[in-house]
There are 2 protein chains.
Amino acid sequence: MSETHTGVTTPRPGSPPGAAGEPVISCGEEHEDCGIRDVLDRIGDKWSVLVIVELAAGTRRFRELLRAVPGISQRMLTLTLRRLERDGLVHRTVHPTVPPRVEYRLTAMGHGLTLLLKGLADWSADHRAAIAASRRRWDAEHPEADIR
Amino acid sequence: MSETHTGVTTPRPGSPPGAAGEPVISCGEEHEDCGIRDVLDRIGDKWSVLVIVELAAGTRRFRELLRAVPGISQRMLTLTLRRLERDGLVHRTVHPTVPPRVEYRLTAMGHGLTLLLKGLADWSADHRAAIAASRRRWDAEHPEADIR
DNA sequence: CGGAATCCAAATAGATACTG
DNA sequence: CAGTATCTATTTGGATTCCG
């Protein structure tokens with residue numbers, strides 16, 4: 001789910017070994033949903049949205065985020081924050097004190113993204129019941145189907 | 001119904017940092033995701049968006065989708081379609097002929113979702129360059145970092 | 001406190017073969 | 001044509017330990 005086919009994708013220094021001529025189903029030139037994958041790959045994971053939502057409320061320290069996002073592990077919070085930082089959605093400030101103090105806040109672009117997330121959240125809320133009902137109906141009509 | 005309990009709010013300019021008071025997130029009373037997770041879990045996977053985008057153009061048969069979405073396997077197309085159907089985003093019509101003819105089309109709710117996806121696609125397109133640049137910078141500043 | 005490193009379990013995706 | 005059924009490979013997330 002990470003860096004897919006941006007067309008300009010940066011292969012990081014320590015690129016994967018072997019695996020030369022990968023097909024890499026690059027969305028040719030006709031499919032216009034190309035850029036959207038970058039964003040979906042980011043917000044589609046398990047924790048990014050929750051972290052972004054928390055940061056939308058203001059600057060937070062690492063430990064604060066850990067508490068604010070219930071269930072997230074230290075490792076996943078670190079990974080999530082690094083990825084968001086790498087994409088330019090989150091800014092990280094290190095205060096060279098003892099003990100260390102590291103603060104995270106959304107960048108302007110990150111804040112812009114929250115507007116879209118709000119739209120998504122609204123739509124989700126509006127259709128939550130319908131989706132749940134549809135699932136119940138489908139599950140009833142397809143017993144012993146294993147889709148997940 | 002749209003402005004009820006949404007997930008993200010725009011931070012006020014003078015918001016005190018780390019003010020442990022009111023969470024600016026209102027997802028009802030508990031820390032639930034407002035149902036946005038249901039939607040993200042669906043559109044966040046590898047293929048759903050591509051399938052939805054293709055169906056947004058009109059009714060499609062299974063084989064047509066298989067050709068239209070480059071790289072998807074038969075199995076993943078089936079799974080993706082079943083999940084979308086279960087959520088009430090896609091409708092499936094079986095014509096009892098020989099050979100079988102199965103058609104897929106978006107439901108009204110599915111079409112509604114495409115509007116949001118368009119918003120996301122637009123935003124992605126607008127920030128694609130910025131994101132790519134941010135990634136290059138980050139990767140340059142963090143050699144041998146493996147964020148995946 | 002804020003991580004990085006390691007190991008392991010689970011979820012997800014892909015290839016292939018078979019069928020009504 | 002439109003799927004299932006298996007099996008395997010890859011990705012992802014979680015738990016734990018250690019460290020400046």
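As the structure is a computational prediction, the values presented were derived from the model and not from experiment. Below, chains carry the letters A, B, ... as their sequence lines are ordered, and counting in each starts from 1.
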Note to self: Determine whether A:E103 and A:R92 satisfy the following criterion, salt bridge (charged side-chain N to carboxylate O under 4.0 Å, His left out), listing intermediate values before the conclusion.
What the structure shows: CA-CA 6 Å; A:E103 291 184 329; A:R92 177 171 176 264; over 6 Å; no
With the side chain of [X] defined as its heavy atoms from C-beta on, choose the nearest nucleotide among [options].
| X | options | answer |
| --- | --- | --- |
| B:M76 | C:dA13, C:dC1, D:dG3 | C:dA13 |
| B:R82 | C:dG3, D:dT4, C:dA13 | D:dT4 |
| B:D45 | C:dC1, D:dG3, C:dA13 | C:dA13 |
| A:Q74 | D:dA2, C:dA4, C:dA13 | C:dA4 |
| B:R63 | D:dC1, C:dG2, C:dA13 | D:dC1 |
| B:S73 | C:dA15, C:dG3, D:dG3 | C:dA15 |
| B:W47 | D:dG3, C:dG14, C:dG2 | C:dG14 |
| A:P99 | D:dG3, C:dC1, C:dG3 | C:dC1 |

Side-chain N,O ([X]) to OP1/OP2 ([N]) below 4.0 Å:
| X | N | result |
| --- | --- | --- |
| A:R75 | C:dT6 | no |
| A:R148 | C:dA11 | no |
| B:K46 | D:dT11 | no |
| A:Y104 | C:dC1 | no |
| B:R83 | C:dA13 | yes |

When you measure from the side chain of [X] to the backbone of [Y], do you find a donor-acceptor pair of N or O atoms at a distance under 3.5 Å?
| X | Y | answer |
| --- | --- | --- |
| A:S48 | A:D45 | no |
| B:S134 | B:A130 | no |
| A:T107 | A:L89 | yes |
| B:S124 | A:V39 | no |

Which whole-number value in Å describes the distance from [X] [atom1] to [N] [atom2]?
| X | N | atom1 | atom2 | answer |
| --- | --- | --- | --- | --- |
| A:L79 | D:dA15 | CG | C1' | 14 Å |
| B:L77 | D:dT4 | CG | C1' | 14 Å |
| B:H95 | D:dA2 | NE2 | P | 11 Å |
| B:R61 | D:dG3 | CZ | C1' | 13 Å |
| A:E85 | C:dG3 | CD | C1' | 13 Å |
| A:I72 | D:dG14 | CD1 | P | 8 Å |
| B:R101 | D:dA2 | CZ | C1' | 12 Å |
| A:E144 | D:dA5 | CD | C1' | 14 Å |

Next item on the list: Report the C-alpha separation of A:D38 and B:R135 in whole Å, then their side-chain angles, then the decisive distance to 0.1 Å, and conclude whether the salt bridge (charged side-chain N to carboxylate O under 4.0 Å, His left out) test is met.
Entry: CA-CA 11 Å; A:D38 287 332; B:R135 286 180 178 179; 3.7 Å; yes
